[in-house]
Asker: 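Sending over a structure as structure tokens; questions will come in a sec.
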Amino acid sequence: MNAFKYMILAVGLLSLPACSDFLDKAPDDMLTLEMIFNDKVRTEDWLAGLYTRIPDQWTFARQEGPFSDDMAPSTGWLKFGWNAIDKQTGNWSPSDVDVYGYWDDIPKRVRSALVFIENVKPNAAQLVTQQEVDLMKLEARFLIAYYYALLVENFGPAPFNPDKILPIDTPNSELAVTQAPVDSIIDWVDKELLEVSKGLPAVYTDTKKFGRATSLMCLAVRARLLLFAASPLVNGNPDYKGHVNADGVELFNSTYDASKWAKAAKANKELIDAAHAAGKALFKEYNDDGSIDPFQSYQYMLMRKESEGNKEILFARPSWDHGSMNNHCTPRGCSGNGGYGVTQSLVDAFFMENGLPPILGYENGDVGKPIINPKSGYVEKGFSTAPEIRNTKWIECQGNDEAHKGQVTLEGTYNMYCHREPRFYVSVLYNRAWYRTEDRTTRFLVGEWDGGITHDAPQNGYLMRKLVHPDHYSRDGVQPYRPSINYRLGEAYLNYAEALNESEPGNPDILKYLNLIRERAGVPQYGNGANMIPVPGSQEEMRDLIRRERRVELCCESGIRWLDIRRWKIGEETLNRDFYGMNYLGENLTDNDNDPLAFFKRTVYQTRSFTKKNYFNPVPQWELDKNPNLVQNPFWK
């Protein structure tokens with residue numbers, strides 16, 4: 001075996017989930033590419049290894065999630081390796097550890113995929129047919145394109161070599177390549193995913209293949225990427241004018257191209273149509289009277305498997321550390337880590353029961369000074385005098401007790417949390433909310449079971465509920481499985497509505513798909529009929545509504561909010577400020593603003609920093625040191 005093959009073998013083995021198995025079977029100097037690709041199991045393991053860099057919800061919760069204004073892991077977890085927390089406050093340089101690991105690892109996956117494509121072959125003796133080989137090659141091509149999509153969404157310009165394996169004796173002058181322009185990478189990924197989608201099935205009938213590449217996965221990645229390409233960050237952004245690579249080529253197109261929005265709208269509509277044709281639909285559960293149960297629908301949308309009737313899934317990672325996700329959001333008094341929360345601005349973002357936003361904005365951008373929408377019925381201060389009952393089978397607020405069917409809040413609930421839409425209750429765990437598996441309310445005051453002062457308590461008075469399986473029980477190690485859903489049909493509806501509003505304002509499909517999301521969510525829709533909310537009168541107003549709906553519907557999922565903040569170029573206004581919650585040091589169950597120990601009052605828990613350099617990750621300094629032809633991303637030093 002020549003030196004080149006040794007190099008490739010090493011790269012391939014790094015990608016495998018259990019390369020020790022190979023080393024047990026043969027010395028590594030005897031394990032050749034021929035041996036691997038003449039063996040069905042080893043071939044399939046190599047392919048499985050290519051999938052392992054797909055991020056999951058727990059990965060997003062440790063990486064992109066904390067960068068947004070939705071998710072708030074305890075700042076005390078920094079000492080346990082949660083580097084993203086340090087970066088929230090601007091303590092970040094190109095010399096720091098790459099939180100994502102994408103820049104270093106994705107090229108390895110791409111090379112391994114290229115080796116796979118070059119070497120995989122039929123094996124009649126082991127019943128590997130040409131048809132299977134062709135499908136596996138398409139899977140590898142999908143993964144190459146997907147990984148480049150991740151790279152460009154997070155780093156922008158990047159070295160780009162999607163179809164060439166360089167031999168080990170390649171001169172350094174050829175290895176040290178510079179970055180390719182953003183548009184050229186996106187154009188290639190767009191075309192490649194569309195081409196690969198034509199050869200892959202939309203779904204697999206064999207449940208063991210759940211998570212393997214499909215045509216819908218191709219179209220979903222493509223649709224989100226083209227929405228990114230049309231957005232202000234990379235579509236006519238003057239901040240990046242003159243940023244060139246080592247060859248003097250402009251890396252960003254600083255000229256606005258309106259046609260990119262039309263292209264994004266078309267791609268998302270193609271995805272929706274293909275998904276519908278394959279039997280995909282928004283996940284819904286129903287009440288006994290036949291009405292949609294919005295609580296159950298939204299809660300189990302991310303919990304049910306495809307085999308359990310969840311037809312909303314477009315792209316999921318089957319295996320992931322869902323137990324860690326559950327435990328970090330579980331109150332510490334319930335044997336959880338108890339510190340993964342959500343922000344006050346996310347709490348404010350959820351609509352009221354009547355479908356109107358409670359908060360219109362903030363005075364001078366200060367979340368401590370909300371501008372209350374007088375039409376919404378929102379009341380911030382005071383406590384409820386009776387429980388709320390809705391038409392739902394949701395049992396998380398004593399609803400498993402016959403006497404409390406349909407109950408969604410308790411008497412004595414802080415008014416801020418009353419009469420809110422169903423998605424709020426499914427997503428946010430607040431102080432004195434009912435916690436079913438422990439048969440008690442949460443206790444977040446200082447000195448109480450679930451409260452401070454400790455790193456394993458919600459630093460701002462909230463825990464995240466949305467990504468936590470309702471039937472998990474940390475105390476006994478009960479962790480029900482569910483897939484990590486990275487792309488779903490609901491997002492495609494909102495992507496399409498946004499792109500269509502930018503390219504063809506007034507198109508009736510905008511309201512159609514926005515209202516389909518609101519119908520499932522159990523809030524009034526936009527229109528001219530009875531009990532409907534008046535339709536916005538301008539493109540700008542509709543843009544605001546779509547963005548509000550995305551914030552709520554897609555909150556805490558797959559790093560989507562972080563991507564939205566960046567592609568819309570709203571980081572300075574949403575992230576460069578004080579972050580609020582309830583009073584972490586509160587000892588008194590009161591909302592008295594004059595009491596320093598009152599829990600229920602807006603309180604700063606962290607001050608974050610965001611400048612225009614943060615829209616893209618920096619190129620790691622050690623990569624710049626190795627390759628003089630790389631250039632640092634804009635505004636990083």
Side-chain angles (χ1 to χ4, degrees), residues 12 15-18 21 36-37 39-57 59 109 112-113 115-117 119-124 126-147 149-150 192-223 271 274-281 283 301-322 480-489 492 558:
S15 304
L16 293 172
D21 294 343
I36 290 173
F37 289 102
D39 183 275
K40 180 178 181 180
V41 173
R42 288 170 174 167
T43 299
E44 291 175 343
D45 280 351
W46 188 298
L47 179 61
L50 301 180
Y51 280 88
T52 58
R53 203 56 179 90
I54 295 174
D56 56 38
Q57 293 292 354
T59 303
R109 305 290 161 169
S112 293
V115 172
F116 182 88
I117 291 169
N119 288 276
V120 67
K121 56 190 176 183
N123 187 333
Q126 297 185 14
L127 304 180
V128 179
T129 66
Q130 183 63 54
Q131 183 181 23
E132 288 175 289
V133 167
D134 292 341
L135 281 174
M136 288 190 287
K137 286 183 177 181
L138 289 172
E139 289 180 68
R141 288 174 62 186
F142 160 75
L143 289 165
I144 291 171
Y146 170 61
Y147 288 141
L150 284 181
E192 179 71 354
L193 287 173
L194 189 59
E195 180 65 26
V196 171
S197 72
K198 297 173 183 177
L200 287 169
V203 296
Y204 290 103
T205 56
D206 183 355
T207 57
K208 290 184 292 185
K209 290 189 174 183
F210 177 68
R212 299 274 289 270
T214 65
S215 61
L216 295 182
M217 289 165 65
C218 293
L219 297 177
V221 173
R222 173 178 178 258
L271 167 62
H276 289 170
K280 299 291 184 177
F283 177 80
M301 163 199 69
L302 294 178
M303 302 297 155
R304 299 282 192 233
K305 295 180 287 187
E306 193 172 61
S307 60
E308 295 172 325
N310 189 354
K311 302 302 183 185
E312 187 162 348
I313 301 172
L314 299 178
F315 180 177
R317 179 174 171 138
S319 61
W320 67 294
D321 192 0
H322 55 280
Y481 168 78
R482 81 278 193 181
S484 174
I485 302 172
N486 293 353
Y487 293 72
R488 60 182 177 90
L489 188 59
S558 308

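Just so you know, these numbers use all the heavy atoms, side chains as well, and skip hydrogens, waters and symmetry mates. The first residue of the sequence shown is numbered 1, and numbering continues consecutively from there.
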Asker: Quick one: CE on Met217 to CG on Leu200, what's the gap to the nearest 0.5 Å?
Answerer: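 Going from the CE atom of Met217 to the CG atom of Leu200 covers 9.0 Å.
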Asker: What are the two closest non-hydrogen atoms of Ser197 and Ser215, and how far apart are they?
Answerer: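 Nearest pair, atom of Ser197 first, then Ser215: O-CB, 3.2 Å.
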Asker: Just so I know, are the side chains of Lys305 and Tyr481 near enough to count as touching, which here means a heavy-atom distance under 4.5 Å?
Answerer: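 Answer yes - side chains close enough.
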Asker: Are Leu219 and Leu194 close enough that some pair of their side-chain heavy atoms sits under 4.5 Å apart?
Answerer: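 Yes - at least one pair of side-chain heavy atoms lies under 4.5 Å apart.
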Asker: How far does CD of Glu192 sit from CD1 of Ile144, to the nearest 0.5 angstrom?
Answerer: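 Glu192 atom CD to Ile144 atom CD1 measures 7.5 Å (nearest 0.5 Å).
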Asker: Would a 4.5 Å heavy-atom cut-off, applied to side chains only, mark Arg109 and Leu143 as touching?
Answerer: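 Of all side-chain heavy-atom pairs linking Leu143 with Arg109, none is under 4.5 Å.
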Asker: Going from OH on Tyr147 to CG on Leu50, what distance comes out if it is rounded to the nearest 0.5 angstrom?
Answerer: 7.0 Å
Asker: Could you give me the CA-CA distance, side-chain angles and deciding distance for Thr43 and Val128, then say whether side-chain contact (heavy atoms from CB on, under 4.5 Å) is met?
Answerer: CA-CA 10 Å; Thr43 299; Val128 179; over 6 Å; no
Asker: What is the distance from atom CG of Leu302 to atom CZ of Arg482, rounded to the nearest 0.5 Å?
Answerer: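 The CZ atom of Arg482 is 8.5 Å from CG of Leu302, to the nearest 0.5 Å.
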Asker: Which residues satisfy the side-chain hydrogen bond (donor to acceptor under 3.5 Å, both in side chains) test with Gln130, sequence neighbours excluded?
Answerer: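 Here the qualifying residues are Asp134.
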Asker: Would you name the heavy atoms of Pro122 and Val133 that are closest together and state the gap between them?
Answerer: N-CG2, 3.4 Å
Asker: Are Leu271 and Arg222 side-chain neighbours, meaning at least one heavy-atom pair lies under 4.5 Å?
Answerer: no
Asker: What is the ring orientation for Phe142 with Tyr146, classed by angle as parallel under 30°, tilted 30 to 60°, or perpendicular over 60°?
Answerer: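 It falls in the parallel class, under 30°.
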Asker: If you take all heavy atoms of Leu135 and Gly199, which pair is closest and at what distance?
Answerer: CD2-O, 3.6 Å
Asker: Any side-chain heavy atom of Thr214 within less than 4.5 Å of one from Lys209?
Answerer: no
Asker: Assess the residue pair Val203 and Lys280 against the criterion (side-chain contact (heavy atoms from CB on, under 4.5 Å)); give the C-alpha distance rounded to whole Å, side-chain angles, the decisive distance to 0.1 Å, and a yes or no.
Answerer: CA-CA 10 Å; Val203 296; Lys280 299 291 184 177; 4.0 Å; yes
Asker: Please report the closest heavy-atom contact between Ala145 and Leu193, naming both atoms and the distance.
Answerer: CB-CD2, 3.6 Å
Asker: Please examine the side chains of Arg212 and Tyr51, heavy atoms only from C-beta on, and report whether any two atoms are closer than 4.5 Å.
Answerer: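 Sidechains of Arg212 and Tyr51: in contact.
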Asker: Using side-chain heavy atoms (C-beta onward) and a distance below 4.5 Å, is Gln57 in contact with Asn486?
Answerer: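 Touching, per the 4.5 Å side-chain cut-off.
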Asker: Please walk me through it: do Trp46 and Asn119 pass side-chain contact (heavy atoms from CB on, under 4.5 Å)?
Answerer: CA-CA 11 Å; Trp46 188 298; Asn119 288 276; over 6 Å; no
Asker: Please answer whether the main-chain N or O of Arg488 pairs with a side-chain N or O of Glu312 as donor and acceptor at a distance below 3.5 Å.
Answerer: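 Here the side-chain-to-backbone pair does not exist.
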Asker: Can you name the nearest heavy-atom pair linking Thr52 to Gly49, along with the distance?
Answerer: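 Nearest pair, atom of Thr52 first, then Gly49: OG1-O, 2.7 Å.
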Asker: Would you please name every residue forming a side-chain hydrogen bond (donor to acceptor under 3.5 Å, both in side chains) with Asn310, sequence neighbours left out?
Answerer: none
Asker: How far apart are the closest heavy atoms of Phe210 and Ala316, and which atoms are they?
Answerer: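 Shortest heavy-atom separation between Phe210 and Ala316 comes out as CZ-CB, 3.7 Å.
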Asker: Once you round to the nearest 0.5 Å, how far does CD of Glu306 lie from OH of Tyr204?
Answerer: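 One finds 11.5 Å between CD of Glu306 and OH of Tyr204.
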Asker: With the side chain counted from C-beta on, respond yes when Thr59 and Ser484 share a heavy-atom pair under 4.5 Å apart, and no when they do not.
Answerer: no
Asker: Find the distance between CZ (Phe315) and SG (Cys218) and round it off to the nearest 0.5 Å.
Answerer: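 Taking CZ in Phe315 and SG in Cys218, the distance rounds to 9.5 Å.
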Asker: Pair Ser558, Tyr487 - check side-chain contact (heavy atoms from CB on, under 4.5 Å), show working.
Answerer: CA-CA 8 Å; Ser558 308; Tyr487 293 72; over 6 Å; no
